[in-house]
Every structure is written in structure tokens, then in C-alpha cells.
Protein chains: 2
Amino acid sequence: MTRPTEALRPPTMADVAREAGVSHQTVSRVLSGHPNVRATTREQVTAAIERLGYRRNSAARALVTRRSRTIGVIAVDPTLYGPASTLAGLQEAARDEGYLVSTVTLRSGGGHALEDALDHLAAWGVEGAVAITPQRSSVQALARLAPPFPVVTVEGSHGLDIPGVSLDQELGARLVTEHLLATGHETVWHVAGPEDWLESAARTEGWRAVLEEHGIRPPRVLRGDWSPLSGYHAGQELAGLALAGRGAAPVTAAFVANDQMALGVLRALREAGIRTPQQVAVAGFDDIPEAGFFPPPLTTVRQDFTAIGRRSIQLLLEHIEGTAAGVEHVVVEPQLIVRASTRSQDGA
Amino acid sequence: MTRPTEALRPPTMADVAREAGVSHQTVSRVLSGHPNVRATTREQVTAAIERLGYRRNSAARALVTRRSRTIGVIAVDPTLYGPASTLAGLQEAARDEGYLVSTVTLRSGGGHALEDALDHLAAWGVEGAVAITPQRSSVQALARLAPPFPVVTVEGSHGLDIPGVSLDQELGARLVTEHLLATGHETVWHVAGPEDWLESAARTEGWRAVLEEHGIRPPRVLRGDWSPLSGYHAGQELAGLALAGRGAAPVTAAFVANDQMALGVLRALREAGIRTPQQVAVAGFDDIPEAGFFPPPLTTVRQDFTAIGRRSIQLLLEHIEGTAAGVEHVVVEPQLIVRASTRSQDGA
DNA sequence: CACTGGATTGTTAGCGCTCACACACGTCGG
DNA sequence: CCGACGTGTGTGAGCGCTAACAATCCAGTG
């Protein structure tokens, strides 16, 4: 009684054509907004589409146009606030441009991790990819692998032959360091991120440059792995140095390479009985949502992750469309956010 | 001199067939691991594939098999630690099963946001989707819309006719509340999350149930929006109540519905000169990476987000493959993490 | 030595769509 | 009144693949 295959197969363009009394090609024209279709015909087709609940089959479309309208994203740790926010901005932008975003997380570092990720994306025919892989090794691998589609990096390709978007990390570090010096500190200590991370290197570089410009010999760099725990350890070391009081550089200010580690540093200092900012001022980097509620609220550098995501999509699309003018590096400006952790308060 | 179109078109199955001296069907058989292919033939084909750098065209494959091997994810705010972690676990699991994961973020709440997101995914022919949309309204919309592919919720479909995976939020809240009562507190105050969130409601429910089981009349519920700032405001209110000292319920313990808000509460208490945990004990929920470094380290409930992601993919695949046994609700157990914020310390 | 049956391989027909082209109409200028 | 043109529409081919079927080969069997 009921039509046999109706529920099984979604309606096709031919079905719509039959329903509207036109050819499938006319349906296609209506769907792709071709101008040369009579208004009445267009309406009939639209009505038929509506009636049948028709959707264009993206696989068939991709097959013939050779365009999947899909963009891949490779992210190292999408659990971190930065990558997660970038991802969100990127996804929004891509969607506005009519692209779907497929994400692949990089299984922790292993040698072939990046290659596998690219393979996975390639197997699904993405038209391009954004790599949020801010480690030196990853970017080098990327340059070596030469994937079959354009790739844009986020915080990656400084100086390499790959287009990318990045925050001016060095400027951010400079702003913080200048700020701390301007507050009256003799020198500024630094807790860096992992050596392999480009962001980490750039932040250290900015810090070092400012000190040297002021004729200050940079103290030894402490190093963490972005985690609060590693910051805690670094903080313990700083506390020890601060209390010892001797040695070349007095510990009265520290620029920590990200907010999470700064949280750990703050904790270690507090445990050692050192007050922030009165005895040791602390600044971070990222401006995670929690930063304003740290004890004390943290001076930090705000990154506009959403803008970074948006710009990277923009850049990638230029490369996909072929309108890109060479290998461009977009740089986004950071913003210094001054809070209590570096402000000598009146009270207490 | 060079072959004309070589660089333009990636090699096709026919190219491989020619190169290997077999039919394209044999190539297809090799690729899909069909058993009835002679070993020597298989090797020739494999070699030809290697030589040409051939990859199967996923669009053509999807067209004929009617399977896109793509799964969609709808996430409300992938910037939050929970959703981000779930997403990561989910993505890993899906990849292991040979699926690509495409993400769509829900533009903040708007009426048609969910519908648009589903549309977007449907347009790309996903085989199923996971919805990380823990708001009551979203889940109701989901139930109403009946998308053309199976959908599994994360923290969503309690009691609804949609399969889903969720943490036993109520149990988590119970664990915390019991713990606080066991520590000797007369009652436990509660800072809840947004009313529209199911997780929020479940946590409040668990808290209320335990108090009532102990014959304690639950104090008025304070409410935030998950953000540290909202926690800060709630904390100010709590501090006021604590210092006022009068009123029915003494403020000596608070269960805050997530760690971020707990950070704000801690800050507000500290500013009011109230010590944690000595005067007011505070517990959170989620166990974000920072929680162990809060001032003081925060007692909280750990969620295994990775497991949740994995289980949701598993569940979704069952529905895609059609092997699902009805509308299942998978529940993951939470774990209480006791830290200093609820422990009466000896010193100070 | 013809005959059966499994293993191996080839042939054919689409999947649903877009592209290139062909065709039917006008309308207009010469 | 005829050809050139522009508008709207239909026709045919084919994107690269898999599924169904057909064909072939080579034992082993009676």
C-alpha cells in the first residue's frame, strides 16, 4: 500500500525534477542560484524541494566538482584554553564560508603523529588544513611532508616557508617585561614554557631583548611545561632564591610564560610566605578566564584567539582559492592586561 | 615532454589498475582487504599504489556506499574544559573506528541555533552526531527536531527518548555533600550553575537530597553562570552571610557547582578576611587542571571526560550500525578528590 | 576425459550530481 | 522575412568508486 522504497532512499534531484515537472538540470540551476531560470519555474522547484524534503547529496557534488568543502584542523592539545578558543573561532569562520571543519587531535607527539593526522585528513579529501601545532618539531615535519593540500599554521611558521597566523608573542613578552621594569624592578625573572614550543621561544626572546636593551643581564631562565604543577616547581625555586637574598639578581618580579604556570608560581610563593605583588610581582600570558581571579588577580597578556582563528581561515581560503599572494604571515597584536599581581598596592 | 595532466589530477583507481596490469575491480578488492586475491597480484597492486601515490577518493566511495564515514559533533562552548576534553576523547575514539569528526559550535543559544547546526551537519551527510549541549532547552529542541541521523547526547538526555552518556552528576554532588557533612559541618551551602543546564540541576538535586536525608533543611541556593566572576559574586554573598553570623544556617561549608566558580568564591571569601577551609570549607566540581593549585587546593569531583567521549562514540556507532539495543543511557561514575579546601589543617 | 566447484579476475551498471552542449523560443536589426 | 543573438530549458556524458554478475582458470572427481 505504501510506496515501497520511499523511506529507504532520500529523495534525489531527479525526484524533485519529476515532482516539479522540469529536468534535473533545472533543479540544479535553482539550487546553485543560477540567474537564467524563470521566476515561476524557480518557485515550482523550490516548492517541490520543500515538499520532498530534498537535500543535495554532498558526496555526489564533491565527486564531480572535486571540492569537498571541508577543512581540516590539526590540534595538539585542544584541552588547553588557547587552542580550544582558536578552534572555536576558526570553526565559526569556516562555517560562515560554507565549509565544514573536521578536527584531528595529534596523539601525543610521536614521530609519525603529524603524518598520520595529515593522512587521515587527506583520506577524507579536505581542501586544506589549519595546523595548531606550535611545536618546532611539528612545524618542521609539516614543511618536510608537503601535504597534498594547502596548510596554514597557527603560531607555527615564523620564518618557515609556510603561511601562518600568529600572535606577536615577542611583543607580548616585551610589554610585560617593560611593564615590570617600569614598576621599579631591578630585573625580571622568567619561567619559560617547553623548549620545543615556538611560542615559548618567542616569549623568552622578547623578555631577553627588553632586559638587554635596558642594560640588564638576563637571569637564568627557569622552565616549565605549561602545567600548573611545573609552575609550582619553578615557583619553589624562585622562592628559594628570593629568600636566600644573595646571588646576582634579586627576585622581585617574574614573567611566567603562561597563566596556568603562573598559578603554580603564585601558590609556591604564597606557601613560602612571600607576598605577591609586594615582595615578588608575577605576570602571566594568555589571559585565561580564571586569570582575573587568581590570588592575586594576574597581570597577563591577552590573546584574541577568536581573531586568530578567523584570520587563519581567511588565509587558508585564499590558498585554497588560489588567490593568495605568496606565503603570508599574519600577525595579531597582543594586549597587556594589568592586574593586582604586579601592582604595588597601598594597603597590607 | 612531461605528461600533460599528471600533476593536475590525482591518480585514480583505473590508473593503478593500468599500472599493475589488472582491472580496477581487483584494485578495489585489494584496498578493501578482500580475501580472494592472489598474493602476487596483491603485491603488484600494492606496489603500483605506492608508486603512484594513490589514495581512494572518499567522495566517490561515499556516493556509492551511502556512507560518509563522518560523525558530527555539536558543542555549546568548546572553550570550557569539560566539553573540550570530551571532544578530544571523542575524536580519538572516532578516529580509531575510521571515522572523521566534524565539529559545529552552537552560536550562543539562539532559537534556531541547534536546528542550524543539525542542518549544517546534515548537508555534509554525517552518519550520526554527538550533541554536547547540556542545556535543557537544547535537548528538548533535539527531541523535537528528529534529525535524519542518529544523535547521542552527552550530559543531556536524562529521562528523554534520546540515547546518551552522562556522568552521574547527582552521585558526584552527593559525594561532595556527604564529605562536607562528615567533616563536621552543620549544613552545606550551594552555589549552583545556570538553571537551564541539566548538569546544574542534577548537582543541586544531589546536594539537596543528601541534606534532606540528614534531616537538614537546605539553605537558599545561590546561583552563578559557571564563570569565575559569577562565583565571585556568590562568594561575596556567602561572605556577608558568614560574617553576619545570624540567620538560620551557619555558613561554614559551600559546595560550588564547578571549579571556575569555586575560584571566584575563594577569592571573595579571602577578600572578606575569611579563611578557607578553617572558617568556610569550599568544594567544586570538574577537577580542572588548575584546581589543585587554587588557594587552597580545591576539593572537587573528577569527571573522566575522555571516557565519556569514548563511550558516546561507542554508543553512536551502535546506533549507526543498527546494533543498538533500544535507547540506552550510559552513566559514568565520578570520583571525589579531596584537597585542602575542605580539610581542617593543623597549622595556621 | 568430460564435469563440478572453488578460487581468481574481469565486465557492466549505476550512485547523484555538475558540466558542456544542444535545443527551443523569442526579439531585434537589416 | 531571415539570420544573429539572448534567454530559458533539456540532453548526454562522466566524476571515481563499489556491487552484482560473468568469465576464466585449475584442481579434483567419477
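Note: hydrogens, waters and symmetry copies are ignored here, and every other heavy atom, side chains too, is used.
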Exercise. Between B:R95 and A:T105, is there a donor-acceptor pair closer than 3.5 Å when you use the side chain of the first and the backbone of the second?
Worked result: yes

Exercise. If only atom types and distance count, is the side chain of B:E127 paired as donor or acceptor with the main-chain N or O of B:S68 below 3.5 Å?
Worked result: yes

Problem set entry | Carboxylate-amine/guanidinium proximity below 4.0 Å for B:R310 and B:E92 | no

Taking N or O atoms only and anything under 3.5 Å, show me the protein contacts with nucleotides 16-20 of chain D, one pair per line.
unit_1: D:dG16; atom_1: OP1; unit_2: A:R66; atom_2: NH1; d: 3.1
unit_1: D:dG16; atom_1: OP1; unit_2: A:R66; atom_2: NH2; d: 3.2
unit_1: D:dC17; atom_1: OP1; unit_2: B:Y54; atom_2: OH; d: 2.2
unit_1: D:dC17; atom_1: OP1; unit_2: B:N57; atom_2: N; d: 3.1
unit_1: D:dC17; atom_1: OP2; unit_2: B:T12; atom_2: OG1; d: 3.2
unit_1: D:dC17; atom_1: OP2; unit_2: B:M13; atom_2: N; d: 2.4
unit_1: D:dT18; atom_1: OP1; unit_2: B:R56; atom_2: NH1; d: 2.9
unit_1: D:dT18; atom_1: OP1; unit_2: B:R61; atom_2: NH1; d: 2.9
unit_1: D:dT18; atom_1: OP2; unit_2: B:S28; atom_2: OG; d: 2.7
unit_1: D:dA19; atom_1: N7; unit_2: B:Q25; atom_2: NE2; d: 3.4
unit_1: D:dA19; atom_1: N6; unit_2: B:Q25; atom_2: OE1; d: 3.4

Identify the pairs formed between an N or O of the protein and an N or O of nucleotides 4-8 of chain C at a distance under 3.5 Å, and give each distance.
none

Exercise. Is there a side-chain contact between B:I308 and B:E155, using heavy atoms and a 4.5 Å cut-off?
Worked result: yes

Problem set entry | Nearest-Å distance for atom pair CZ/C1', residues A:R69 and C:dC17 | 15 Å

Problem set entry | Nearest heavy atoms of A:P11 and A:L52, plus distance in Å | CG-O, 3.5 Å

Exercise. Is B:T323 reaching over with its side chain to a backbone N or O of B:E321, donor-acceptor style, under 3.5 angstrom?
Worked result: no

Problem set entry | Salt-bridge present (A:D15, A:R9; N to O < 4.0 Å) | no

Exercise. Got a donor-acceptor contact below 3.5 angstrom from the B:W124 side chain to the B:G72 backbone?
Worked result: no

